[in-house]
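Here the structure is laid out as structure tokens; the discussion comes afterwards.
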Protein chains: 2
Amino acid sequence: MQVQLSTEFALHGLLYLAANSGRRPIQLPEIAQAIRVRESYLRKLFQQLVRAGLVDAYRGAAGGYSLKRDPEEISLHDVLAAVEGTADLYRCYAEQRSCRVARPCPIRGAFAQAYDNFRKSLSRTTLASLLHGEALQSEDVEWLHAPV
Amino acid sequence: MQVQLSTEFALHGLLYLAANSGRRPIQLPEIAQAIRVRESYLRKLFQQLVRAGLVDAYRGAAGGYSLKRDPEEISLHDVLAAVEGTADLYRCYAEQRSCRVARPCPIRGAFAQAYDNFRKSLSRTTLASLLHGEALQSEDVEWLHAPV
DNA sequence: CTATTTTGGATATTTTGTGTCCACAATATA
DNA sequence: TATATTGTGGACACAAAATATCCAAAATAG
């Protein structure tokens with residue numbers, strides 16, 4: 001049970017967009033270079049983020065990406081869900097094969113509740129709080145801003 | 001991010017042991033049949049559970065497996081940890097490549113806290129509470145008892 | 001001793017995640 | 001309108017992890 005690397009990169013990319021929301025659309029090569037991920041890979045990732053409704057994409061010359069919502073409105077959970085989906089944590093494989101555990105299944109229930117707590121906790125952290133949160137010194141945000 | 005099938009099966013196996021803790025060691029073929037998992041697969045799983053200290057194994061004729069601790073003392077989290085390990089949920093891959101996010105990393109911190117909530121929640125459910133918990137009707141436990 | 005039962009290692013198969021490429025569609029702007 | 005630019009979607013290759021099986025060897029009850 002681990003968060004995918006894709007989620008980490010998506011997060012870095014989104015933070016870069018959040019930190020540079022003044023300027024309008026930012027091209028993929030710039031984002032890729034800033035967060036040190038290969039362009040070809042990040043390209044696919046951003047397609048997912050667009051489909052998930054986290055960023056807007058603009059085609060053509062001077063196109064690029066920008067956040068669709070305010071950084072305050074995009075939580076860690078939103079990003080995780082966008083990249084990795086929202087399937088149940090506990091698959092209950094046995095159920096499809098006439099599992100005889102009680103209905104409603106107490107195992108599934110326990111996992112669902114724990115997962116819910118997890119997601120609630122993640123929902124409390126947003127791109128904005130990561131950028132200017134308590135844990136982040138102002139100097140540390142440097143890297144997120146565009147190169148001169 | 002999903003709980004592995006192995007964890008589900010381990011859980012079923014352990015519940016069977018818990019429900020039959022009166023009789024002493026129970027052989028693998030019986031467990032496998034009871035929870036409807038192929039013997040060869042469950043065998044490997046139980047080796048993990050032994051190494052993790054959740055069950056005792058007895059070799060030789062009349063050998064088998066039994067719980068090492070009381071069902072009240074084995075939580076969902078114990079089982080999950082035994083099967084899937086206890087690595088950090090968020091790997092922070094970028095850190096190994098000179099990530100410039102702040103230290104301590106706020107992303108890692110947020111995930112760690114959420115994961116902690118998740119595990120705390122799982123720790124509150126034990127084999128015992130699954131067996132005679134509120135959510136489980138007495139009749140539903142039938143299947144966990146040895147065939148006559 | 002002997003029959004039984006778990007062990008540990010090797011290995012095969014399937015599924016999932018990671019990573020790349022390119023023809024095509026959309027669009028700003030000259 | 002022509003052209004250069006930028007994202008899209010699909011296909012594909014590769015790597016890693018999960019799932020699954022087998023068997024010779026070790027341990028032990030009787």
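Proteins get letters first, then strands, A, B, ... in listed order; numbering begins at 1 in each.
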Practice task
Return the value, rounded to whole Å, for the distance between atom CZ of A/Phe46 and atom P of C/dG19.
Solution key: 16 Å
Exercise for the section: Could you work out which one of D/dG9, C/dT7, D/dT19 sits closest to the side chain of A/Gln47? Expected result: D/dG9
Exercise for the section: Test for a donor-acceptor pair under 3.5 Å between the base of C/dG17 and the side chain of A/Gln4, counting only N and O atoms. Expected result: no
Practice task
Report which part of the nucleic acid A/Gln27 touches: base, sugar-phosphate, or nothing (heavy-atom distance under 4.0 Å, all strands).
Solution key: sugar-phosphate
Handout entry: Nucleotide of D/dA27, C/dT18, D/dG7 approaching A/Tyr65 most closely (side-chain heavy atoms)
Key = D/dG7
Handout entry: Check: A/Ala128 main-chain N/O paired with A/Glu72 side-chain donor or acceptor under 3.5 Å
Key = no
Practice task
Check whether any side-chain nitrogen or oxygen of B/Ser6 sits under 4.0 Å from OP1 or OP2 of D/dA18, and answer yes or no.
Solution key: no
Handout entry: Length of the CG-P vector between A/Leu28 and D/dT5, whole Å
Key = 16 Å
Exercise for the section: Measure from the side chain of A/Lys44, starting at C-beta and using heavy atoms only, and say which of C/dT5, D/dG9, C/dT7 lies closest. Expected result: D/dG9
Handout entry: Rounded interatomic separation in angstrom, taking CG from A/Leu45 and C1' from D/dT8
Key = 15 Å
Problem - Rounded interatomic separation in angstrom, taking CG from B/Leu5 and C1' from D/dA20 - result: 12 Å
Problem - Distance, rounded to the nearest Å, where A/Glu39 contributes CD and C/dC21 contributes P - result: 11 Å
Practice task
Could you check how far CD1 of B/Ile26 sits from P of C/dT4, rounded to whole Å?
Solution key: 19 Å
Problem - Proximal nucleotide (of C/dA26, C/dT18, C/dG19) relative to the A/Arg59 side chain - result: C/dA26
Exercise for the section: Between B/Ala57 and B/Met1, name the one whose nearest nucleotide on DNA chain C is closer to the 5' end. Expected result: B/Ala57
Exercise for the section: May I ask you to verify if any side-chain N or O of A/Arg43 is less than 4.0 angstrom from the OP1 or OP2 atom of C/dT20? Expected result: no
Exercise for the section: Just compare D/dA29, C/dT18, D/dT19 and give me whichever is closest to any side-chain atom of B/Ala61. Expected result: D/dA29
Handout entry: Side chains of A/Tyr115 and B/Ser121, donor plus acceptor under 3.5 Å
Key = no
Practice task
May I ask you to verify if any side-chain N or O of A/Arg91 is less than 4.0 angstrom from the OP1 or OP2 atom of D/dA18?
Solution key: no
Practice task
Give one of base, sugar-phosphate or nothing for B/Arg38, where a contact means two heavy atoms less than 4.0 Å apart.
Solution key: sugar-phosphate
Practice task
Return yes if some donor-acceptor pair links the side-chain N/O of A/Ser129 with the main-chain N/O of A/Thr126 below 3.5 Å, else return no.
Solution key: yes
Handout entry: Donor-acceptor contact present, side-chain A/Glu8 to main-chain B/Tyr93, <3.5 Å
Key = yes
Practice task
Between B/Tyr41 and B/Gly60, name the one whose nearest nucleotide on DNA chain D is closer to the 5' end.
Solution key: B/Tyr41
Problem - B/Lys68 side chain reached by B/Leu54 side chain, heavy atoms, under 4.5 Å - result: no
Practice task
Report the distance from atom CD of A/Gln48 to atom C1' of D/dG7, rounded to the nearest whole Å.
Solution key: 15 Å
Exercise for the section: Tell me what B/Tyr58 touches on the nucleic acid: a base, only sugar-phosphate, or nothing, going by heavy atoms under 4.0 Å. Expected result: sugar-phosphate
Problem - Backbone of A/Ser75 reached by a side-chain donor or acceptor of A/Asp78 within 3.5 Å - result: yes
Handout entry: Interatomic distance, B/Leu49 CG vs C/dT7 P [rounded to whole Å]
Key = 10 Å
